[in-house]
Protein chains: 2
Amino acid sequence: MKIGKLAQLAQCTVETVRYYEREGLLAAPARTAGNFRLYGAAHIERLRFIRNCRALDMSHDEIRNLLALADRPAEGCGAVNAVFDQHIVHVDERIRELAQLKEQLSALRQRCAGEQAVDTCGILQGLAAMETEARHERHTHLG
Amino acid sequence: MKIGKLAQLAQCTVETVRYYEREGLLAAPARTAGNFRLYGAAHIERLRFIRNCRALDMSHDEIRNLLALADRPAEGCGAVNAVFDQHIVHVDERIRELAQLKEQLSALRQRCAGEQAVDTCGILQGLAAMETEARHERHTHLG
DNA sequence: GTACAACCTGAAGTTACTATAGAGAAAAGT
DNA sequence: ACTTTTCTCTATAGTAACTTCAGGTTGTAC
Ligand SMILES: [Zn+2]
Ligand SMILES: [Zn+2]
Ligand SMILES: [Zn+2]
Ligand SMILES: [Zn+2]
């Protein structure tokens with residue numbers, strides 16, 4: 001099958017497929033005489049695995065890790081579980097960050113009741129008066 | 001004051017200040033005879049406003065919007081409130097996405113009890129068997 | 001035989017910065 | 001006055017995970 005069909009089966013674009021090949025996530029397939037990529041069942045499986053991981057917001061590094069581990073079927077899955085657990089931590093941390101953000105935003109929002117003049121708007125005043133904090137290093141690959 | 005002092009007062013790096021100037025968020029200041037940027041009180045205020053917005057994860061577009069509105073102090077703040085509300089929606093939507101993600105991740109995690117062989121690991125099997133869904137367009141600027 | 005879809009490569013754009021190199025200006029030390 | 005250190009300048013490239021574009025080739029349908 002050619003790249004268009006593969007992309008359709010994996011619910012992504014052909015550009016994404018070629019990108020994954022460049023990134024080393026998907027092995028380069030055989031080519032036709034006319035230089036078109038030719039994929040088989042194994043490629044579908046692999047690409048769907050990747051897209052499923054991406055649907056769970058894993059990074060390419062995490063996915064590369066899982067793929068490498070999956071290629072050693074006889075070994076124990078402890079490392080797989082570790083990668084997965086670590087990603088759950090990433091999601092957890094981002095949720096906590098965003099929840100705290102939402103609290104700050106809600107508090108600010110309450111400072112403007114309705115239609116006032118811009119220079120008396122409680123939101124703008126609040127944004128100007130906030131304690132400027134140092135940028136927090138981001139510890140996850142999520143937003 | 002020169003750029004280093006300004007950056008220090010706004011809790012960011014000098015590179016970030018120069019970047020904001022290139023991006024049109026911060027107006028280009030006067031220069032010394034030796035070509036060094038010279039900032040005043042208005043610049044501090046502006047930069048701290050920007051950094052506070054960034055601490056709330058607003059995008060540069062959103063901040064540009066707010067700055068433009070703040071520069072018309074006589075007008076009503078309805079547009080300000082709208083930008084702000086829209087950003088709260090961004091945060092809300094991302095929180096909902098991540099909460100749903102976490103459910104999926106937790107369910108998958110339960111499929112592997114302990115140390116099994118990789119090819120029988122419930123997590124990997126689950127990742128391979130997931131219903132591949134079309135990529136969801138992202139409706140927010142939050143990762 | 002010619003239109004058109006699908007495919008090819010390579011490069012640039014996206015976001016909000018960070019990092020580096022190489023050079024000049026100012027401040028501090030002696 | 002001279003040296004050393006620190007600060008600043010510009011320009012360029014890198015990050016993540018793609019998307020978009022330009023310009024060209026192949027395959028298929030009529
Ligand atoms: Zn992760
Ligand atoms: Zn208001
Ligand atoms: Zn927003
Ligand atoms: Zn397992």
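This structure is a prediction, so every number in the text was calculated from the model and none was measured. Chain letters run A, B, ... following the sequence lines, proteins first and then strands; every chain starts at 1.
Panel note: side chain A:Arg72, backbone A:Ala68; a donor-acceptor pair is recorded below 3.5 Å. Side-chain atoms of A:Asn81 come within 3.5 Å of backbone atoms of B:Gly114 as a donor-acceptor pair (strictly under, hydrogens ignored). Within the 3.5 Å criterion, the main-chain N or O of B:Glu23 finds a donor-acceptor partner in the side chain of B:Arg64.
One can place CG of A:Leu26 at 15 Å from C1' of D:dC18, the figure rounded to the nearest angstrom. Computed from coordinates, the B:Ile50 CD1 to C:dA16 P distance equals 12 Å when rounded to whole Å. Across the protein-nucleic acid pair, B:Tyr19 atom OH and C:dT15 atom P stand 8 Å apart, rounded to whole Å. Atom pair A:His136:NE2 and C:dA16:C1' shows a separation of 13 Å (rounding to whole Å applied). Atom CG in B:Leu38 sits roughly 10 Å away from atom P in C:dA26 (whole-Å rounding). With rounding to whole Å, A:Glu62 atom CD is found 12 Å from D:dA16 atom P. Taking atom CG on B:Asp61 and atom P on C:dA16, their separation rounds to 7 Å, with Å as the unit. One atom, NE2 of A:His87, and another, P of D:dA16, lie 16 Å apart when rounded to the nearest Å.
A:Arg64 comes within contact range of no nucleotide atom at all, as no heavy-atom separation falls under 4.0 Å.
Look at B:Thr13 and you'll find a side-chain N or O under 4.0 angstrom from OP1 or OP2 of C:dT18. Residue A:Thr16 places at least one side-chain N or O under 4.0 Å from the OP1 or OP2 atom of D:dT19. Between C:dC17 and B:Tyr20, a contact under 4.0 Å exists linking OP1 or OP2 to a side-chain N or O.
Taking CZ of A:Phe49 as the reference point, atom CG of A:Leu66 lies at 5.0 Å (rounded to 0.5 Å).
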Protein-nucleotides 7-14 of chain C N/O pairs closer than 3.5 Å?
{"residue": "C:dC7", "atom": "OP1", "partner": "A:Gly4", "partner atom": "N", "Å": "2.8"}
{"residue": "C:dC8", "atom": "OP1", "partner": "A:Arg37", "partner atom": "N", "Å": "2.8"}
{"residue": "C:dC8", "atom": "OP1", "partner": "A:Arg37", "partner atom": "NH1", "Å": "3.0"}
{"residue": "C:dC8", "atom": "OP2", "partner": "A:Arg18", "partner atom": "NH1", "Å": "2.7"}
{"residue": "C:dC8", "atom": "OP2", "partner": "A:Arg37", "partner atom": "NH1", "Å": "3.3"}
{"residue": "C:dC8", "atom": "O3'", "partner": "A:Arg31", "partner atom": "NH1", "Å": "3.4"}
{"residue": "C:dT9", "atom": "OP1", "partner": "A:Arg31", "partner atom": "NH1", "Å": "3.3"}
{"residue": "C:dT9", "atom": "OP1", "partner": "A:Arg31", "partner atom": "NH2", "Å": "3.0"}
{"residue": "C:dT9", "atom": "OP2", "partner": "A:Arg37", "partner atom": "NH1", "Å": "3.0"}
{"residue": "C:dT9", "atom": "OP2", "partner": "A:Arg37", "partner atom": "NH2", "Å": "2.8"}

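A donor-acceptor contact under 3.5 angstrom links the side chains of B:Arg51 and B:Tyr20, judged on distance only.
The aromatic rings of A:His87 and A:His141 lie parallel to each other, with less than 30° between the two planes, well short of the 60° mark.
Salt-bridge annotation for B:Arg94 and B:Glu97: present, with a side-chain N of the basic residue lying under 4.0 Å from a carboxylate O of the acidic one.
Each of A:Arg51 and B:Tyr39 was matched to the nucleotide of DNA chain D holding its nearest heavy atom; the match closer to the 5' end belongs to B:Tyr39.
With D:dA17, D:dT19, C:dC17 as the candidates, the nucleotide lying closest to the side chain of B:His60 is C:dC17.
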